[in-house]
Amino acid sequence: MYNPLSKKAEEFIHHEEIMDTLAYAEKNKSNAALIDEILNKARERKGLTHREAAVLLDCDIEEKNQEMYALAEQIKKDFYGNRIVIFAPLYLSNYCINGCTYCPYHRKNKTIARKKLSQKDIEREVIALQDMGHKRLAIESGEDPKNNPIEYILESIDTIYGIKHKNGAIRRVNVNIAATTVENYRKLRDAGIGTYILFQETYHKESYLQLHPTGPKHDYDYHTEAMDRAMAGGIDDVGLGVLFGLDKYRYEFTGLLMHAEHLEAVFGVGPHTISVPRLCPADDIDVADFKNSLDDDIFAKVVACIRIAVPYTGMIVSTRESQKSRERVLHLGISQISGGSRTSVGGYCEPEPAYENSAQFDISDTRTLDEVIRWLMEMDYIPSFCTACYREGRTGDRFMSLCKSGKILNCCHPNALMTLQEYLSDYASEETKRLGEALIAKEVEHIPSAKIKEIAKRNLQAIAEGNQRDFRF
């Protein structure tokens with residue numbers, strides 16, 4: 001039976017419930033009265049069930065779809081304002097013992113260059129990232145107990161936090177590594193990580209087993225129940241995601257929302273982030289072999305419906321997507337993006353030779369971080385390098401309670417402006433700096449609290465004058 005309170009994957013991601021949901025959504029996709037009822041519930045900003053959200057995803061009434069897109073954009077503004085959080089991935093190692101058929105890291109791939117960063121390599125990569133202006137990283141690694149044991153990951157995190165170069169510092173490390181034990185999640189928590197991220201890839205169990213024929217990742221239940229173990233290990237913030245294109249997008253969408261409901265039901269807090277990557281070309285991988293790709297219109301609707309269904313959750317889109325695609329979904333709910341990314345092992349310090357490909361996937365948005373920052377500001381977004389909530393203990397249910405109350409604006413808005421001013425003072429091109437300083441002058445006046453506004457103005461001036469860094473509310 002379907003049971004969101006269960007700790008068993010087959011019960012909180014319940015195949016028959018998903019199939020019933022998809023049939024219900026198909027039946028009601030033209031039911032204007034029901035769709036209006038669901039949209040009215042969504043306007044309360046308290047979220048939707050997976051079944052309600054599935055009806056919106058299937059909706060074929062264009063007028064209602066436009067209402068949906070407008071609502072998604074407004075909900076995103078209500079909880080996240082016009083801030084867009086910036087991060088970069090850092091690939092530590094592409095050694096992997098799994099046989100995932102969609103990933104070039106699979107152990108049978110003999111054409112990819114296998115690499116693993118030493119701690120000295122990591123230092124060089126992090127300095128390169130700091131010189132770009134990054135403050136937040138997501139570390140990535142293949143699953144290989146011999147080459148990439150938990151001790152290596154922990155040592156790497158310690159190295160990253162210890163590197164201070166000029167005015168640069170990585171203030172928060174998020175971690176995207178394979179499903180592991182409660183004990184190891186506890187070690188990651190003690191290492192001071194931000195969010196633990198793990199993509200399900202696909203929630204369709206039969207497809208999952210076929211796509212992961214060998215290796216520890218073949219165990220669907222162990223993988224799907226990883227977030228429960230992470231929470232049990234004391235990690236407050238976890239990030240979900242599926243790789244759209246592996247199976248039918250309607251199935252994945254429903255499973256993803258069921259997983260979010262499960263976390264909310266069991267732990268009282270849903271996912272801190274949801275990522276929406278789409279399958280894209282990579283070494284030894286032909287996307288033509290996968291028949292479930294979704295076009296840009298459907299992708300945009302998926303983003304909008306997730307934003308409406310889980311209004312408090314951060315949503316991430318990476319450089320897998322083109323500038324055009326990213327621009328579209330920014331307006332529909334995305335709150336975090338990567339910038340200036342490299343998906344190869346050791347790709348920041350110096351460009352990787354064409355004959356030595358170690359990348360996990362091909363990047364579509366190849367712009368520099370400065371170009372991405374300027375692009376965001378030209379659209380009136382505030383690029384944010386803020387990591388204050390993690391370091392002030394505003395994680396898990398504490399973050400969500402502040403977010404739901406709207407009080408987070410008195411923290412996030414000024415923090416975003418202060419971290420943007422750091423970027424402008426230390427790293428930006430002259431054109432970006434001029435644009436950013438005008439944006440800050442305008443946006444600082446939107447801080448709700450007069451007291452916080454006054455403090456923020458003093459801090460911004462101190463940053464601009466070069467006296468201090470790392471202010472936070």
Side-chain angles (χ1 to χ4, degrees), residues 1-22 50 54 96-108 140-145 148 150 175-185 196-233 235 238-267 270-271 273-279 285 289-292 360:
M1 292 179 61
Y2 170 56
N3 180 8
L5 285 167
S6 173
K7 294 295 189 71
K8 295 181 179 179
E10 64 185 10
E11 294 179 358
F12 65 79
I13 305 295
H14 192 264
H15 176 71
E16 284 74 20
E17 170 62 21
I18 294 178
M19 298 308 294
D20 287 348
T21 294
L22 299 186
H50 62 273
C96 192
I97 60 173
N98 288 309
C100 312
T101 61
Y102 54 86
C103 178
Y105 288 3
H106 68 86
R107 65 179 183 181
K108 291 184 179 180
E140 319 263 353
S141 175
E143 184 171 10
D144 186 330
N148 317 323
I150 190 65
V175 174
N176 184 354
I177 62 169
T180 187
T181 64
V182 172
E183 179 185 2
N184 285 342
Y185 286 125
Y196 172 68
I197 303 160
L198 183 67
F199 297 167
Q200 179 64 25
E201 319 299 5
T202 176
Y203 283 99
H204 192 283
K205 187 171 184 176
E206 183 179 345
S207 296
Y208 181 97
L209 296 176
Q210 292 173 352
L211 290 161
H212 306 92
T214 58
K217 198 169 180 177
H218 178 73
D219 190 333
Y220 173 89
D221 292 349
Y222 188 78
H223 186 85
T224 310
E225 295 161 6
M227 294 309 186
D228 292 68
R229 295 193 301 279
M231 289 283 201
I235 296 176
V238 297
L240 302 179
V242 294
L243 183 52
F244 285 102
L246 293 182
D247 208 278
K248 303 293 192 296
Y249 73 89
R250 296 166 71 241
Y251 193 102
E252 306 293 24
F253 173 87
T254 306
L256 182 63
L257 294 185
M258 291 170 74
H259 204 165
E261 290 171 355
H262 163 70
L263 295 176
E264 184 79 45
V266 175
F267 300 103
T273 59
I274 290 177
S275 298
V276 288
R278 285 192 284 182
L279 189 66
I285 304 299
D289 293 338
F290 300 87
K291 309 302 182 183
N292 296 303
Q360 189 181 34

Calculate, to the nearest 0.5 Å, the distance between atoms CD and CD1 belonging to Glu143 and Ile177 respectively. 9.0 Å
Supply the atom-to-atom distance Tyr105 OH to Asp144 CG, rounded to the nearest 0.5 angstrom. 12.5 Å
Can you tell me how far the CZ atom of Phe244 sits from the OG1 atom of Thr202, to the nearest 0.5 Å? 10.0 Å
Can you name the nearest heavy-atom pair linking Leu263 to Gly270, along with the distance? CB-CA, 4.2 Å
Sequence neighbours left out, what passes side-chain contact (heavy atoms from CB on, under 4.5 Å) with Glu206? Give chain and number order. His204, Gln210
Short question: side chain of Asn98, backbone of Cys100 - any donor-acceptor pair under 3.5 Å? no
Quick check: do Val238 and Leu198 have side-chain heavy atoms less than 4.5 Å from each other? no
Side chain to side chain contact (heavy atoms under 4.5 Å, CB included) between Leu246 and Leu211, worked out: CA-CA 8 Å; Leu246 293 182; Leu211 290 161; 3.9 Å; yes
As a quick check of understanding, evaluate side chain to side chain contact (heavy atoms under 4.5 Å, CB included) for Tyr102 and His212, giving each step before the final call. CA-CA 9 Å; Tyr102 54 86; His212 306 92; 2.7 Å; yes
Do side-chain atoms of Arg278 reach the backbone of Gly245 as a donor and acceptor pair under 3.5 angstrom? no
Enumerate the salt bridge (charged side-chain N to carboxylate O under 4.0 Å, His left out) contacts for residues 11-20, please, sequence neighbours excluded, ordered by first and then second residue. Glu17-Arg51
Partners meeting side-chain contact (heavy atoms from CB on, under 4.5 Å) with Ser275 (sequence neighbours left out): Phe199, Pro277, Ile316
So which pairs with a foot in residues 246-257 pass salt bridge (charged side-chain N to carboxylate O under 4.0 Å, His left out), sequence neighbours left out? Asp58-Arg250
Distance-minimising heavy-atom pair for Gly255 and Ile18: CA-CD1, 4.0 Å
Derivation and outcome, side chain to side chain contact (heavy atoms under 4.5 Å, CB included), residues Ile274 and Leu256: CA-CA 9 Å; Ile274 290 177; Leu256 182 63; 3.7 Å; yes
Cationic tip of Arg229 above Tyr196 ring, under 6.0 Å, 45° of axis: no
Using every non-hydrogen atom in the two residues, find where Thr254 and Ala54 come nearest and quote the distance to one decimal. OG1-CB, 4.3 Å
Side-chain donor/acceptor of Tyr185 to backbone N/O of Met231, under 3.5 Å: no
Decide side chain to side chain contact (heavy atoms under 4.5 Å, CB included) for Ile13 and Thr224; before the verdict, give the C-alpha distance in whole Å, the side-chain angles of both, and the deciding distance to 0.1 Å. CA-CA 9 Å; Ile13 305 295; Thr224 310; 4.1 Å; yes
Taking only residues two or more places apart in sequence, or in another chain, which ones meet Thr214 in a side-chain contact (heavy atoms from CB on, under 4.5 Å)? Arg107
Thr180 backbone acceptor or donor facing Tyr222 side chain under 3.5 Å: yes
Tell me every residue that passes side-chain contact (heavy atoms from CB on, under 4.5 Å) with Pro213, counting only those two or more places apart in sequence or in another chain. Thr101
List in chain and number order the residues that pass side chain to side chain donor-acceptor pair (under 3.5 Å) with His106, two or more places apart in sequence or in another chain; answer none if no residue qualifies. Asp284
Sorted by chain and number, sequence neighbours left out, ring-ring contact (aromatic ring centres under 6.0 Å, His included) with His262 holds for Phe12
When rounded to the nearest 0.5 Å, the distance separating CD of Glu201 from SG of Cys103 is 8.0 Å
Calculate, to the nearest 0.5 Å, the distance between atoms CD1 and CE belonging to Ile197 and Met227 respectively. 8.0 Å
I'd like to check the side chain to side chain donor-acceptor pair (under 3.5 Å) partners of Thr273; sequence neighbours left out, ordered by chain and number. none
Centroid separation Tyr203 to His223 less than 6.0 Å: no
Go through the structure and list residues passing side chain to side chain donor-acceptor pair (under 3.5 Å) with Tyr220, not counting sequence neighbours. none
Nearest 0.5 Å, what's the OG-CG distance between Ser141 and Asn176? 9.5 Å
Atom of Ala265, atom of Leu5 and distance for their closest heavy-atom approach: O-CD2, 3.4 Å
Indicate yes or no: does Lys8 engage Glu225 in a salt bridge with an N to O separation below 4.0 Å. no
Please list, chain by chain and in numerical order, all residues satisfying ring-ring contact (aromatic ring centres under 6.0 Å, His included) with His218, sequence neighbours excluded. none
Kindly say whether Gly142 contributes a backbone atom to a donor-acceptor pair with the side chain of Asn148 at under 3.5 angstrom? yes
Residues in ring-ring contact (aromatic ring centres under 6.0 Å, His included) contact with His50, at least two apart in sequence or another chain: Tyr2
